[in-house]
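Accompanying notes for the structure given below.
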2 protein chains.
Amino acid sequence: MIVRHMLNQMPALDRLFHALGDPARRAMIERLSRGPAPVTELARPLPMSLPAALQHLGVLETAGLVRSEKIGRVRVCTIEPHALSLAEQWISARRSEWEQRLDRLGDYLNTLDDKGDDDGANR
Amino acid sequence: MIVRHMLNQMPALDRLFHALGDPARRAMIERLSRGPAPVTELARPLPMSLPAALQHLGVLETAGLVRSEKIGRVRVCTIEPHALSLAEQWISARRSEWEQRLDRLGDYLNTLDDKGDDDGANR
DNA sequence: CGATCGATAAAGTGATTGCTTAACTATCGA
DNA sequence: TCGATAGTTAAGCAATCACTTTATCGATCG
């Protein structure tokens, strides 16, 4: 129970990636990327009951990916772009790390190459 | 049409985002972004047993995020950058969709603003 | 008004996750 | 060769997940 607490400094990213790890929820996000939609329209293409779709929507809202507002008897859902960009930032941070590392590796190999006097055709 | 196709299966993205939805696995990815590491070193900072860490590593490998090679008695793990960029592509595709939509909305509002000339385009 | 449509709550179920401990294999170093 | 090191397998267990069905509530309309 405490196990996850110590490590878990960013529950936002947890919920975010978890929310994206389901095809039904990604389909909802894809639909909402093109504009707001009511619950029923989000649920219609999904091969599941309406309550099930609503639960997925709840996951998306908890993750901060979707916001919804009830107008009359219809709940209109809209995407929350900032949340997605948080995930994007984490990914691109990782990429910049390994790219930096590969650059340093390249420099190191170049140094070795400069030191080698006779054979320039190694590997 | 497309919806059904997209829903049917995109197991790669499923596994990818699911793998990223756990802090222990993200910690492993963060470590590997700085360079290859053996299993024990990946597991050491995590508040769990070694077999548990190994299971997380299995999830990362299944998702294609990590590749590992056994050298002697140590298994050296390295990150697989291409897999992460797949997730990044999905996210940025969504963003470009809603940015396009917002652009169109902005254009529409601008045409409403410039009502000096006639357009007569009512939707 | 009553019927219906959209959304939601509640409860139950089978599968999957995340972790544990225990035992076991293979390699390395002295 | 012996014992420590690095990893691997297996079994088991509690919690969570992704659904289901059933029953409801509130808004809209004939």
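Throughout, protein chains are lettered first and strands after them, A, B, ... in sequence-line order, and every chain is numbered starting at 1.
- Distance CG (A/Leu60) to C1' (D/dA18): 14 Å, rounded to an integer number of Å.
- Of the candidates D/dC19, C/dT8, D/dC17, the closest approach to any side-chain atom of A/Leu54 belongs to C/dT8.
- Taking 3.5 Å as the limit, the base of D/dC17 and the side chain of A/Gln55 contain no donor-acceptor pair of atoms between them.
- Taking atom CD of residue B/Glu41 and atom P of nucleotide D/dT5, one finds them 17 Å apart after rounding to whole Å.
- In this structure, B/Leu57 atom CG and C/dC19 atom C1' are separated by 16 Å, rounded to whole Å.
- Judged purely by distance below 3.5 Å, without hydrogens or angles, the side chains of A/Arg75 and A/Ser68 pair a donor atom with an acceptor atom.
- DNA chain D is contacted by both B/Lys70 and A/Gly21; B/Lys70 maps to the nucleotide lying nearer its 5′ end (nearest heavy atom per residue).
- A cation-pi arrangement is found for B/Arg94 relative to B/Trp90, the charged atom lying closer than 6.0 Å to the ring centre and inside a 45° cone about the ring normal.
- Look at CG on B/Leu50: it is 17 Å from P on C/dA23, rounded to the nearest Å.
- Considering only the side chain of B/His56, C/dC19 comes nearest among D/dT8, C/dC19, C/dA10.
- Between the CG atom of B/Leu46 and the P atom of C/dG18 there is a distance of 13 Å, given to the nearest Å.
- Between the OG1 atom of A/Thr62 and the CZ atom of A/Arg15 there is a distance of 7.0 Å, given to the nearest 0.5 Å.
- Between the C1' atom of C/dC5 and the CD1 atom of A/Ile71 lies a distance of 17 Å, rounded to the nearest Å.
- As judged by a 4.0 angstrom heavy-atom cut-off over every strand, B/Pro38 is placed among residues touching the sugar-phosphate backbone only.
- As a whole-Å value, the separation of B/His18 NE2 from D/dT16 C1' is 11 Å.
- Comparing D/dA10, D/dA18, C/dT8 against the side chain of A/Asp22 picks out D/dA18 as the nearest.
- Here the nucleotide nearest the side chain of A/Ser49, chosen from D/dT8, D/dC19, D/dT21, is D/dT21.
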Requested in this report: Might you work through the salt bridge (charged side-chain N to carboxylate O under 4.0 Å, His left out) test for B/Arg95 and A/Glu88, ending with a clear yes or no?
Outcome: CA-CA 10 Å; B/Arg95 187 178 54 183; A/Glu88 202 175 19; 3.0 Å; yes
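- Checked against D/dT20, C/dT20, D/dC19, the side chain of B/Ala52 finds its nearest nucleotide in C/dT20.
- Here C/dT17 presents its P atom at 15 Å from CG of B/Leu20, a figure rounded to the nearest Å.
- With hydrophobic clusters built from ILVMFWY side chains whose heavy atoms lie under 4.5 angstrom apart, B/Ile91 does not share a cluster with A/Val59.
- Among the nucleotides D/dT20, D/dA10, C/dC5, the one closest to the side chain of A/Arg73 is C/dC5.
- Taking only side-chain nitrogens and oxygens, A/Arg75 comes nearer than 4.0 Å to OP1 or OP2 of C/dT8.
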